[in-house]
Q: 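Sharing a structure, written as structure tokens. Questions coming.
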Amino acid sequence: MLMIAKAKAWYTIFFVLLSCIVFVPAYKYGFTRDFLNWMTKYDSSSFIDFIDCFDYDGLHHLFHLINYSFYRLFGVSHFAYAIFFAILHGINASLIYGFLSKISIPNFNSFLGAAAALLFLVSPYQCEVLTWNACMHYLLVTLWFLLSIHTLLKYLDTEKKAFLLIHHVLIFSSFFILEVALASPFIILVLLFFLGNHNNIVYKLKNIFFPQLIFIAIYFFLNKMILGNWVGHYGSDKHLNFSPELLLSNGYQYFVKHISFAHFFPYDLRHRIYGLFNMQIVLLITTILVGVAIFFFLKKYKNLSFNLRLSGIGLIAFFMGIFPIVNLYFYYVVPYVNDRYSYFGLVFFSIFIIYLLGSFPKKIGYPLIIVFLTANLALTVNQIIHIKTASDIQHDMVASFDFCNEDEIYFLTLPENYRGINLFGDYYDDARFFKSSLLYWENKKCKSNFTSVSQVNQMNIEDAFYVKVVKPGKIQVGYSQGGNWFWRHGVGLSNYETDKFKVVQGDWFYNLYIKEPNLNQLFIWHEGTEWKTMRWDASIF
């Protein structure tokens, strides 16, 4: 027992340290977008407000209890969040390794187990969860699930009711971290099928699966009673949309995304690849092939090698793991954004691909595994470098902003993202996330009236934009290099009008028409990370 405990400690330390080495270098990033909203809510609330999730439309009580407590303990500490997230991620990877070691007895292949855990750890699609502070619930819900699997295995080995009770508590409480946990009972059912040497299926259904179906029913009932909706967060219309075409299209795109690194291809190429699965004929052919593969997998299951059986179970569990989010939408315009949705499912995608390759002869399979892991790590390191650059842009622009005494500020350009990584992007026209960044990072309490006319994506830290007065009341704003475009509310800029101004889109520029020009209006834009300003010439009034 002592040797087993020491082995667990060593591989847990290894995965945690590796997670810190890979992800902590981007520690200055993370306080952006949704997390700034949460900070504002937390600062205006007290501990007791977690009862209604700080006025959030979702039953995320356990998550907010942990998130709020951590924020109260560490405040605006970039390093504390980065370390905590990396530790949680490393523990999750170690639990995957431990889980595989237990279900593979007596012939556990430590290379394949470690490779599956490493793939989960170093996948470039993990970067959003590990570096954006708004993603703690993905780490927590996965931790709860993996712990529940370990307690289940303990119960199956010992038949001690205490382990079954802890297992059920972990499953039910995970529903109050994030809705993706609703997939857990069904994944567990698949695992019970795989673990065919433990008790009979009727016993398993009665003591494990059926109680968890009751938990799900209770959860939906609580949503209806408390929120007035069967599902919170994005609402019933989205979460309960079971359009077969939508589910299949998004599901296949998630699979292609993870097996091919398609998100890192040039936009035109990934658009064509993902676009295939919006074609009905492609969906039909793919679904027929998938159906045939499942049929033969189940028919030949007992005759398959252990590695192939585990790989197949991993693939089924992966699709179950993304099922709660697969009907939302699949985003691929830029990398990084929404990669968090598949964090939970990646536990089993990693098992699927590693054990699939592990079913090949060692001389073929093992080199392929090493190449695949190396490619993942290389993309992740490159992405972390970009995230670190994004944080440099953020902090430099916030630190150099010295215009808080102005009455009226028009942001002609405000960085929305850097290579897809969130900067100051939001869905409002008052630049509130930038204003929050000024407050939390530099303690600059800006009372100026901010207006975000347009946001821009940055491809390089030195990207520059030009501004010129065409005539009194009309300003033209354009970019000085290729690869940029104008954004508003998370999508491309289009013509719009307010009571104060009108924006008309042109080729590589836009025209801003101010309806009532005055000398109190300060127009601001950026070149690299340096702010540029302009006022109206007094002679025009």
Side-chain angles (χ1 to χ4, degrees), residues 115-116 118-132 135 138 245-287 289-290 293 311 314-319 321-323 325-354 356-357 368-387 417-422 457 459 483 485 490-492:
L118 283 171
L119 178 56
F120 173 82
L121 188 107
V122 304
S123 168
Y125 298 119
Q126 305 290 43
C127 289
E128 184 183 33
V129 169
L130 269 295
T131 59
W132 185 25
C135 294
Y138 290 91
E245 188 172 342
L246 176 67
L247 295 174
L248 292 171
S249 174
N250 287 355
Y252 295 147
Q253 288 179 89
Y254 269 105
F255 177 76
V256 170
K257 167 184 175 178
H258 289 292
I259 204 166
S260 69
F261 309 117
H263 257 39
F264 298 94
F265 296 166
Y267 174 77
D268 289 343
L269 178 56
R270 66 176 180 266
H271 178 69
R272 286 198 295 270
I273 291 172
Y274 291 134
L276 289 172
F277 297 99
N278 293 318
M279 299 169 60
Q280 290 187 344
I281 185 64
V282 174
L283 281 183
L284 178 61
I285 294 172
T286 305
T287 303
L289 293 174
V290 169
S311 177
L315 183 58
I316 293 170
F318 164 70
F319 282 112
I322 65 172
F323 185 79
I325 56 88
V326 78
N327 57 357
L328 298 178
Y329 55 90
F330 182 80
Y331 188 85
Y332 62 87
V333 175
V334 292
Y336 187 84
V337 177
N338 285 4
D339 286 346
R340 64 190 184 276
Y341 283 164
S342 57
Y343 182 87
F344 184 79
L346 264 170
V347 170
F348 290 98
F349 179 85
S350 302
I351 293 171
F352 152 68
I353 191 66
I354 293 300
L356 177 64
L357 295 175
L368 287 176
I369 289 172
I370 293 170
V371 168
F372 194 69
L373 285 173
T374 302
N376 274 270
L377 179 59
L379 287 170
T380 297
V381 170
N382 188 59
Q383 191 75 334
I384 290 298
I385 291 171
H386 290 325
I387 295 167
N417 69 80
Y418 172 74
R419 296 178 180 265
I421 301 154
N422 298 322
N457 69 302
M459 295 302 295
W485 62 92
V491 295

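Only this structure's heavy atoms are used, side chains among them; waters, hydrogens and symmetry mates stay out.
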Q: Would a distance-only check, ignoring hydrogens and angles, find a side-chain to backbone donor-acceptor pair under 3.5 Å from Gln253 to Ser249?
A: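 Yes.
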Q: Would a 4.5 Å heavy-atom cut-off, applied to side chains only, mark Val334 and Asn457 as touching?
A: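 In short, these two side chains do not touch, never coming nearer than 4.5 Å.
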Q: If you compare all heavy atoms of Ile384 against all heavy atoms of Cys127, which two are closest, and at what distance to 0.1 Å?
A: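 Smallest interatomic distance, heavy atoms only, reads CD1-SG, 4.2 Å.
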Q: I'd like to know if the side chain of Asn338 pairs up with that of Arg340 as donor and acceptor (distance under 3.5 Å, no hydrogens or angles considered).
A: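 There is such a pair between these side chains.
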Q: Side chain to side chain contact (heavy atoms under 4.5 Å, CB included) with Thr287: which residues, sequence neighbours excluded?
A: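 Thr287: side chain to side chain contact (heavy atoms under 4.5 Å, CB included) contacts with Leu248, Tyr252.
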Q: Are Ile322 and Phe255 packed together at the side-chain level, in the sense that at least one heavy-atom pair is separated by less than 4.5 angstrom?
A: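 They are not in side-chain contact.
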Q: Are any non-hydrogen side-chain atoms of Ile354 and Leu118 less than 4.5 angstrom apart?
A: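 Heavy-atom side-chain distance check fails, nothing below 4.5 Å.
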Q: Is the distance between the ring centroids of Phe277 and Tyr254 less than 6.0 Å?
A: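 No, they do not, as the ring centres are separated by 6.0 Å or more.
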Q: Answer yes or no: is there a side-chain heavy-atom contact under 4.5 Å between Tyr336 and Ile387?
A: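 In contact.
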Q: How far apart are the C-alpha atoms of Leu119 and Ile369, what are their side-chain angles, what is the distance that settles it, and do they pass the side chain to side chain contact (heavy atoms under 4.5 Å, CB included) test?
A: CA-CA 9 Å; Leu119 178 56; Ile369 289 172; over 6 Å; no
Q: Would Lys257 count as a cation-pi partner of Tyr332, with NZ or CZ less than 6.0 Å from the six-membered ring centre and within 45° of the ring normal?
A: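 No, a cation-pi geometry is absent between Lys257 and Tyr332.
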Q: In Å and rounded to the nearest 0.5 Å, what is the CG to NE2 distance from Leu276 to His271?
A: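 Result: 10.0 Å between the selected atoms.
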Q: Relative to the ring of Tyr125, is the ring of His258 parallel (under 30°), tilted (30 to 60°) or perpendicular (over 60°)?
A: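 Judged by the thresholds at 30° and 60°, the geometry between His258 and Tyr125 is perpendicular.
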Q: Say you draw a straight line from CZ of Phe330 to CG of Leu328; how long is it, rounded to the nearest 0.5 Å?
A: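 It comes to 12.5 Å.
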Q: Please name the pair of heavy atoms, one in Leu356 and one in Ser311, separated by the smallest distance, quoted to 0.1 Å.
A: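 Closest approach of Leu356 to Ser311, heavy atoms only: CB-OG, 3.3 Å.
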Q: Judged by atom type as modelled, is there a donor-acceptor pair below 3.5 Å linking the side chain of Arg270 to the main-chain atoms of Phe265?
A: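 Side chain of Arg270 to backbone of Phe265: a pair is present.
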Q: Donor-acceptor check, side chain of Gln126 to backbone of Phe120, threshold 3.5 angstrom: yes or no?
A: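 Yes, Gln126 side chain to Phe120 backbone: donor-acceptor pair under 3.5 Å.
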Q: Of the non-hydrogen atoms in Arg419 and Pro335, which two are nearest, and what is the gap between them?
A: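 Here Arg419 and Pro335 meet closest at O-CD, 3.9 Å.
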Q: When the ring centroid of His263 is compared with that of Tyr274, is the distance short of 6.0 Å?
A: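 Under 6.0 Å, so yes.
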Q: Got a donor-acceptor contact below 3.5 angstrom from the Ser350 side chain to the Leu346 backbone?
A: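 A pair under 3.5 Å: yes.
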Q: Compare every heavy atom of Asn376 with every heavy atom of Pro124, then report the nearest pair and how far apart it is.
A: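 That would be CD-OD1, 3.2 Å.
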Q: Donor-acceptor pair, Asn327 side chain versus Asn250 backbone, under 3.5 Å?
A: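 No.
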Q: Have a look at Phe318 and tell me which of Phe348, Phe349, Phe352 forms a ring pair (Phe, Tyr, Trp, His ring centres under 6.0 Å) with it.
A: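 Among Phe348, Phe349, Phe352, the one that satisfies the ring pair (Phe, Tyr, Trp, His ring centres under 6.0 Å) with Phe318 is Phe349.
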Q: Got a second to check how far Ile353's CD1 is from Leu315's CG, nearest 0.5 Å?
A: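 Answer rounded to 0.5 Å: 9.0 Å.
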Q: Phe323 and Phe344: aromatic ring centres closer than 6.0 Å?
A: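 When the ring centroids of Phe323 and Phe344 are compared, they turn out to be at least 6.0 Å apart.
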Q: When rounded to the nearest 0.5 angstrom, what distance separates OG1 in Thr380 from CG in Leu373?
A: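 The CG atom of Leu373 is 10.5 Å from OG1 of Thr380, to the nearest 0.5 Å.
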Q: Go through it in stages, so that I can follow the logic: the residues are Gln383 and Phe264, the test is side chain to side chain contact (heavy atoms under 4.5 Å, CB included), and I'd like the CA-CA distance, side-chain angles, deciding distance and then a yes or no.
A: CA-CA 10 Å; Gln383 191 75 334; Phe264 298 94; 4.2 Å; yes
Q: Is there a side-chain contact between Val371 and Thr374 (heavy atoms, below 4.5 Å)?
A: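 They are not in contact (no side-chain heavy atoms under 4.5 Å apart), so the answer is no.
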Q: Any side-chain heavy atom of His386 within less than 4.5 Å of one from Asn382?
A: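 With C-beta onward as the side chain, the pair touches.
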Q: I need the Tyr343 OH to Leu130 CG distance, nearest 0.5 Å.
A: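 Between atom OH of Tyr343 and atom CG of Leu130 there are 6.0 Å.
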